[in-house]
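Have a look at the structure below before the remarks.
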Amino acid sequence: MGSSSNAAGPARRDEPARARRATLVDVAAAAGVSTSTASRALTNHPKITDATRQRVTEAAERLGFEPNIQARSLRTNSSMLIGVVVPDIGIAFYASVLKGLQSVLEGAGYEVLVMNTEREAGHERAALRTLYARQVDGVLVATSGGFLAGDVPVVFFDHVLKGVGLGYTAPDNAAGITTLVEHLVQVHRHERIAYLGAPVAPSPNVDRLEYIPATERLEAFRLAMGRLRLPVVPEYVVCADYEWSEASAEAAVAELLRLEQPPAAIVAAGDTLALGALRELRRQGKSVPEDVALVSFDDPVSGDLLTPPITALARHDRELGEIGGRLLLEELQRPNRARRADAPSAIRVPLELVIRASCGCSERPAEEDQTP
């Protein structure tokens with residue numbers, strides 16, 4: 001009869017011992033600091049010096065340390081997650097804004113969760129519910145009209161709800177459109193100027209929207225023309241679709257060219273609209289700027305390489321994202337956060353004219369790109 005040890009089964013002599021997971025105590029010891037200092041260094045605490053932060057970070061990487069996010073959340077009552085809601089992540093503007101806010105927030109130790117809504121209010125509500133369920137510490141939203149408030153700070157950008165949350169950051173639409181109109185009139189003596197924009201009324205998929213770029217840019221166009229004592233011809237104001245698509249811009253410009261007296265210049269309210277306009281003008285054998293001058297609110301990607309190069313407003317998309325990120329971060333880092341009594345912030349990002357050939361100018365060096 002075999003022994004009792006044999007009955008229990010063979011011994012596992014060849015199974016390797018499981019490697020012990022590095023802890024915060026190990027990181028602190030390797031970096032020569034206290035555990036609390038190591039913790040602060042790994043969460044980018046403002047009172048930790050760059051040298052200490054680098055020493056702790058290098059020790060953590062060397063040991064393969066991975067922080068326990070759930071434990072940290074319970075300890076600090078913070079998930080270190082920020083939600084970002086955008087209408088269309090495929091648009092260059094939103095991609096650049098994301099880079100800007102991500103650099104600010106990740107530099108402060110936060111992780112960024114991005115939700116794309118396809119400009120649908122219902123999708124926006126679902127996205128926000130998901131982010132709130134993940135217990136994000138705050139949200140940044142370019143709203144499509146489906147905003148739902150949660151118990152966390154909110155900052156809007158580009159498409160905003162005024163008077164809600166901490167505030168918003170957006171391009172200076174009024175000043176930008178005014179600059180374009182004044183350049184066409186004062187430099188090139190144009191009078192028959194058309195406006196190519198997006199619909200100013202909320203789409204059927206939007207619940208409520210107190211500010212959209214299309215509305216503000218069209219209002220600025222009307223005001224600028226009025227100040228210059230020029231009429232706004234109703235037939236010269238045309239709209240693309242809610243997606244600001246190039247195809248819809250082509251159709252709108254075709255409509256302009258069918259008029260008995262077509263415009264001599266077009267102000268495009270966005271880069272995709274300018275590209276669609278340029279394509280349709282070329283398709284119909286129109287020379288830009290000889291037959292029709294063209295200027296754009298947003299500088300198209302590689303706009304200087306187009307034929308002709310597009311006169312446009314310089315992009316500050318990334319800066320806009322950085323401003324939004326800092327606005328939210330200031331609130332999150334405020335000690336013993338209580339509900340703010342001051343009015344929400346409204347930060348406008350200034351824009352500068354980049355003069356190229358599509359307006360009728362000869363191209364100038366970058367340092368001379370100023371409105372006359």
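Nothing here was measured: the structure is a model prediction, and the numbers come from that model.
Checking side-chain atoms of T49 against main-chain N and O of T52 turns up a donor-acceptor pair under 3.5 Å. With hydrogens and angles disregarded, no donor-acceptor distance shorter than 3.5 Å links the side chain of R326 to the backbone of L105. T37 places no side-chain N or O within 3.5 Å of a backbone atom of V33 that could act as its donor or acceptor partner. Between the side chain of S248 and the main chain of D241, a donor-acceptor pair closer than 3.5 Å is present. At distances below 3.5 Å, at least one donor-acceptor pair connects side-chain atoms of T179 with backbone N or O atoms of A175. Judged purely by atom type and a 3.5 angstrom limit, R192 uses its side chain to pair as donor or acceptor with the backbone of P262. Y110 places no side-chain N or O within donor-acceptor distance of the main-chain N or O of D137, the cut-off being under 3.5 Å.
In terms of heavy atoms, G360 sits closest to H188 at C-CE1, 3.4 Å. In terms of heavy-atom proximity, G197 sits nearest to A269 at CA-CB, 3.9 Å. Looking at every heavy atom in both residues, S345 comes nearest to L327 through OG-CD1, 3.9 Å. In terms of heavy-atom proximity, A38 sits nearest to A28 at CB-CB, 3.9 Å. Annotation for E250 and G276: closest pair CG-O, 3.2 Å, computed over non-hydrogen atoms. In this structure, T272 and E246 approach most closely via the heavy-atom pair O-CG, 3.2 Å.
Atom CZ of R283 has more than 12 neighbouring heavy atoms from other residues, nucleotides or ligands inside a 6.0 Å radius. For Q135, the CD atom is loosely surrounded, since the number of other residues' heavy atoms within 6.0 Å does not exceed 12.
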Task: Intermediate values then yes/no, side-chain contact (heavy atoms from CB on, under 4.5 Å), V84 and M115 - done: CA-CA 6 Å; V84 180; M115 307 293 284; over 6 Å; no
- [ ] With side-chain contact (heavy atoms from CB on, under 4.5 Å) as the test, would you mind laying out the steps for V349 and I323 before giving the verdict?
- [x] CA-CA 9 Å; V349 178; I323 292 171; 3.8 Å; yes
Open item on the list: One pair to check against side-chain contact (heavy atoms from CB on, under 4.5 Å): L328 and I82. What are the steps and the verdict?
Closed with: CA-CA 9 Å; L328 181 59; I82 299 296; 3.7 Å; yes
Open item on the list: side-chain contact (heavy atoms from CB on, under 4.5 Å) for R119 and E124? Distances and angles first, verdict last.
Closed with: CA-CA 8 Å; R119 303 181 186 273; E124 181 176 329; over 6 Å; no
TODO: Report the C-alpha separation of R62 and D26 in whole Å, then their side-chain angles, then the decisive distance to 0.1 Å, and conclude whether the salt bridge (Lys or Arg N to Asp or Glu O under 4.0 Å) test is met.
DONE: CA-CA 11 Å; R62 190 167 60 250; D26 299 327; over 6 Å; no
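Between V141 and F157 there is no side-chain heavy-atom pair separated by less than 4.5 Å. Residues V27 and L63 are in side-chain contact: their nearest non-hydrogen atoms beyond the backbone lie under 4.5 Å apart. Side-chain contact check for V354 versus T311: every heavy-atom pair is 4.5 Å or farther apart. The closest side-chain heavy-atom distance from E182 to L228 is below 4.5 Å. Counting heavy atoms from C-beta outward, V181 and Y195 have side chains that stay 4.5 Å or more apart. By the 4.5 Å heavy-atom criterion applied to side chains, R318 and S103 are counted as neighbours. With contacts defined as side-chain heavy-atom distances shorter than 4.5 Å, the pair R125/L128 does not qualify. The shortest side-chain heavy-atom distance between S358 and P308 falls under the 4.5 Å cut-off.
Atoms OG and CD1, from S362 and I355 in turn, are 10.5 Å apart once rounded to the nearest 0.5 Å. Distance check: E243 CD to E118 CD gives 9.0 Å after rounding to the nearest 0.5 Å. Rounded to the nearest 0.5 angstrom, T215 OG1 and N173 CG are separated by 10.0 Å. With rounding to the nearest 0.5 Å, the separation of OH in Y168 from CG in L140 is 15.5 Å. Distance check: S96 OG to E322 CD gives 11.0 Å after rounding to the nearest 0.5 Å. Going from atom CD of Q261 over to atom CD of E235 covers 11.0 Å, rounded to the nearest 0.5 Å.
R348 has a carboxylate O that lies under 4.0 Å from a charged side-chain N of E216, or vice versa, which qualifies the two as a salt bridge. Using a cut-off of 4.0 Å between Lys/Arg side-chain N and Asp/Glu carboxylate O, D271 and R315 are scored as salt-bridged.
Put simply, L223 and V237 are part of two different groups of oily side chains (I, L, V, M, F, W, Y) that touch within less than 4.5 Å, one to the next. Under the 4.5 Å side-chain heavy-atom criterion for Ile, Leu, Val, Met, Phe, Trp and Tyr, I89 and V301 are members of distinct hydrophobic clusters.
Scanning for ring pair (Phe, Tyr, Trp, His ring centres under 6.0 Å) contacts around F156 gives F147, with sequence neighbours left out.
F297 carries R217 over the face of its six-membered ring, with the cationic atom under 6.0 Å from the centre and within 45° of the normal.
Under the 4.5 angstrom side-chain criterion for Ile, Leu, Val, Met, Phe, Trp and Tyr, the cluster partners of V233 are L196, Y236, V238, W244, V253, L256, L257, L259, I266, L273, L275, L278, L281, V288, V292, L294, L306, I310.
Taking the six-membered ring where the residue is Trp, H159 and Y94 present tilted rings, their angle falling between 30° and 60°.
Side-chain atoms of E106 and Q102 include a donor-acceptor pair closer than 3.5 Å. Side-chain N/O atoms of S287 and D291 include no donor and acceptor closer than 3.5 Å.
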